[in-house]
Structure formats: structure tokens, C-alpha cells
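Structure first, then comments.
This is a predicted model, so every value here is computed, not measured. First listed ligand is number 1; within each ligand, the first listed atom is number 1.
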Amino acid sequence: MNIPFVDLKAQYRALAGEMTRALEAVITDAAFIGGPAAERFENKFAAACGVKHCVGLGNGTDALVVALRAVGIGRGDEVVVPANSFVATSEAVTAAGGTVVFADVDPVRRTLDPADLAAKITPRTKAVIPVHLYGQPADMRAIGDIATKHGLKIVQDCAQSHAAAIAGIPLSRFGDVSCYSFYPGKNLGAYGDAGALVTDDPAIARFARMYANHGRIAKYDHEFEGINSRLDGLQAAVLLVKLPHLEAWTQRRRALARLYDVALAGIPQVSTPKVYPDSYHVYHLYVIETEDRDSLQAHLRQAGIATGVHYPVALPFLSAYRRLGHVPQDFPVSHAMQGRLLSLPIYAEMTDDAVNAVAGAICSHYVATR
Ligand SMILES: *Cc1c(COP(=O)(O)O)cnc(C)c1O
């Protein structure tokens, strides 16, 4: 049995007819940048996120950059970022002109550790970027309290957490501004690069829309210098076709995760993602931890099962951050975790049989190595 890590072709097959019509409408209309599809998507996505404003952008990394600029981050401002994330999270801070400060993650939740966030705050700290990594909501109550106490802006990285919630409240409501990626493999993915930020603050939305469109007020009237990062019409049309399916796809991901939880529960060498009763985890990734990650991954590859590692090197230890001179003891949890993480296949079209086959292959690895 060959099991891919994700299967975007299977998703397309289910949507093909509708997708072709939606794309044709944009092309016939020649509404390639912004336009009616982009506007319709922004309205629908804001509603889905439970907030007032959505600004469509070129990708999720730009969403973070634009959001940081919109909350006023600039030269000399420190922004705290979790040590385990995709590099876009920290890269955006630098691109916005700020200074990256890493904090360790909680060993169980695997998102920003509120205690280490508090420890990293200086008089120059202006914002924090909680990342809801793998689709697991970060501890937003504790992070929110710290942010309030120190006057920090909260820019959420929701690139892996479309439709996630805490105690029934959509995740987007927990930050000053929340940033989404619609990279094709994300839980809601375009057919190319796309992103958005959502916010309840009209000033943030207004600045973001101008900043992402050359600081423009009207044609050839530019109030300040910005960048070019706009949602294009074809990507918006794709997202409009997919958005109504997001809830069902998310429920399917959660059902698959429950199957994995049960099937892997009897293997002492494997720890599965913690389930918090009041968190609506959306399982962008189903990430287990095990001491012999590399040999398990090789065993699964032999069995035709694709896996991933998110991420093999925690951000402070990347060459890109060598200048910060960090050592493993600075981020003990993230450093220990990077050798243990293994992401198993999970996507809405995956069958129960495929999950059982993956779990069976993991079992057979530990029987064989005992
Ligand atoms: C995908 C991702 C991003 C960046 O999104 P792009 O659309 O690829 O620019 C940022 N943060 C995290 C955690 C991501 O997974």
C-alpha cells in the first residue's frame, strides 16, 4: 500500500467541474488582481473567522510582514517567536524591520511556552507571534494575559490552524491580527501562493490594504511606501470553491486523528498529540514523537508510507540565525524535540484503512526492533 503524505490530486478530482467553471469566470472577466472573486472571498473568510475584516494577500509570509507593520513594528522593536516553527514566522519579523527573539515551546502542547515568553520580555518587546503549530491552538489565555500586562501586540500565525478554536471561540478572535497562508498543502489551499490577514480593527485592515498595495490611496496617489502583495482573482476563485468544504474536511482530519490516537495508544515508544478538551485542534499535521525517529521513518519509507519532519532544526539553530549564537541549552525543549518529531500522513481524503496501515507499519517496526 502506497500512502502519500498529502493527496492534492484526490481533492481536485472531487471539485474538478466546479473549479473549472469558477476559474473560467475569472478569466472571462479578466479580473486577475483583486476584483469581485477576491472581494467575495475576503467577506466570506472574515465571517468564517468570526472577525470583521479580511485583507487578501500574496502569501502567508507577507501576511505576517504586513500584520507586523500594521501593528507598528519597526527598527529596534523586539518580537517574541516560538523556537519551533516554519522559518517564515521569524523571517517576517526581520523583513518588517524588527528584531527576532526566540522563546522555547511547551513540551506537551508544542506551542509557545508562556513562561519562557514572560522571561524573554524586555523594555523593547512590542509584539508576540503565537504559532498554532500543526493545528493545535497555543495557550492563548496565558499568552493573552502576558501580552496585556506588558502592552504587547498579538500577531497570530494561523498558517496551520484554519478553522481551529478555543472553547468554541474561533482562534482569529484571540489576536490583534491573525495571519493565514493558503499555500496549496495547507488545510485551506489555493492553486499557487495566497494568504490573508484578518482583524476586528479597521485601522489595521486599512493600513494593511494600503501597505500591501504600494501604500496607495488612489491610482498614483501613494501615502507611504509599501510592497506589492495582493490576492489574485484566480486564487480567490479556488478558495471560494474550497471554503464551504473546510468544516467537513476539518472534521475528517479530526476523525483520522482519533483513529491514529487509538491505534497508536498501545505502543509505549510512541507519544501521540495531546488532546485538550477545550481546544479544537485541526490537525494540519499529525505529529508523533519517538526516540528512534530516523529508523522509524526509514521503516515506513520501506513500507511505501511517506512521512515528514516539522521541523528537523529548530529556528534558533538554523544557519540563518547563527549570528544570534544560540546553544542547545537556550531552548532545551525545542532542541530535544527536533530529533523526535515525525509527521504521519493526514488529509481529508485519507481512508480509515490507510490510517490503520500506517499504524500497523509502526507496530511492526517496534515488534521487529524489540
Ligand atoms: C506555511 C507557513 C507560513 C508561510 O506561509 P506561505 O504562504 O508559504 O508564505 C508561515 N508560518 C507557518 C507556521 C507556516 O506553516
Side-chain angles (χ1 to χ4, degrees), residues 5-6 8 41 45 54-69 79-96 98 100 102-103 105 109-112 127-138 140 143 154-164 171-172 174-175 177-198 208 212 227-232 234-236 238-239 242 253 281-287 308-316 318 320-321 334 337-338 341 343 346-347:
F5 189 62
V6 290
L8 295 178
F41 174 72
F45 193 64
C54 170
V55 179
L57 300 164
N59 58 72
T61 308
D62 283 353
L64 289 163
V65 175
V66 172
L68 288 164
R69 298 288 299 131
V79 180
V80 182
V81 168
N84 187 27
S85 183
F86 180 57
V87 70
T89 313
S90 49
E91 191 180 50
V93 175
T94 311
V100 182
F102 291 110
V105 297
R109 205 183 278 266
R110 304 186 293 195
T111 53
L112 184 65
V128 54
I129 309 184
V131 183
H132 309 292
L133 200 67
Y134 314 144
Q136 173 85 282
M140 291 313 295
I143 292 168
I154 300 177
V155 173
Q156 299 196 100
D157 184 337
C158 297
Q160 301 188 2
S161 60
H162 312 72
L171 213 47
S172 302
F174 288 84
V177 47
S178 304
C179 303
Y180 287 87
S181 165
F182 306 119
Y183 179 81
K186 298 290 160 80
N187 286 20
L188 179 62
Y191 287 174
D193 277 314
L197 63 77
V198 301
I227 60 172
N228 173 8
S229 182
R230 300 170 298 214
L231 179 61
D232 80 59
L234 289 169
Q235 301 310 335
V238 171
L239 293 168
K242 289 193 182 190
R253 283 176 180 276
H281 189 328
V282 297
Y283 295 96
H284 172 59
L285 296 169
Y286 186 91
V287 181
V309 175
H310 302 89
Y311 294 90
V313 181
L315 297 178
L318 290 173
Y321 297 106
S334 298
M337 203 179 270
Q338 68 185 26
L341 300 166
S343 306
I346 192 162
Y347 46 93

> What's the shortest distance from atom 1 (C) of ligand 1 to any protein heavy atom, and which residue and atom give it?
Replying inline: Lys186 NZ, 1.5 Å
> What's the shortest distance from atom 15 (O) of ligand 1 to any protein heavy atom, and which residue and atom give it?
Replying inline: Gln160 NE2, 2.9 Å
> So, do Tyr134 and Tyr286 have ring centers that fall under 6.0 Å from each other?
Replying inline: no
>> Can you check which of Ser181, Pro184, Ser229, Ala196 brings a heavy atom nearest to atom 5 (O) of ligand 1?
In response: Ser181
> Taking Phe45 as the fixed residue, which of Leu239, Val55, Leu188 is the one that meets the side-chain contact (heavy atoms from CB on, under 4.5 Å) rule?
Replying inline: Leu188
>> I need the atoms of ligand 1 closer than 4.0 Å to a non-hydrogen atom of Gly60, numbered in the order shown.
In response: 5 (O), 6 (P), 7 (O), 9 (O)
> Of Leu285, Thr61, Ile129, Asn84, which has the heavy atom at the shortest distance from atom 4 (C) of ligand 1?
Replying inline: Thr61
> Which of these, His310, Gln136, His162, Lys186, sits in a side-chain contact (heavy atoms from CB on, under 4.5 Å) with His284?
Replying inline: Lys186
> What part of Ser85 sits under 4.0 Å from ligand 1 if we count only heavy atoms: the side chain, the backbone, both or neither?
Replying inline: side chain
> How are the rings of Phe102 and Tyr321 set to each other: parallel, tilted or perpendicular (split at 30° and 60°)?
Replying inline: perpendicular
> Atoms of ligand 1 less than 4.0 Å from Ala159 heavy atoms?
Replying inline: 2 (C), 3 (C), 10 (C), 11 (N), 12 (C), 14 (C), 15 (O)
> Which of these passes side-chain contact (heavy atoms from CB on, under 4.5 Å) with His132: Gln160, Gln156, Arg109?
Replying inline: Gln156
>> Is there a side-chain contact between Lys242 and Tyr191 in this structure, where contact means two heavy atoms from C-beta onward sitting under 4.5 Å apart?
In response: yes
> Considering residues, nucleotides and ligands other than Tyr183, do more than 12 of their heavy atoms fall under 6.0 Å from its OH?
Replying inline: no
>> Please confirm whether Asp157 approaches ligand 1 to less than 4.0 Å, judged on its heavy atoms.
In response: yes
>> Only heavy atoms of Ala88, strictly under 4.0 Å: list the atoms of ligand 1 that pass.
In response: 3 (C), 4 (C), 10 (C)
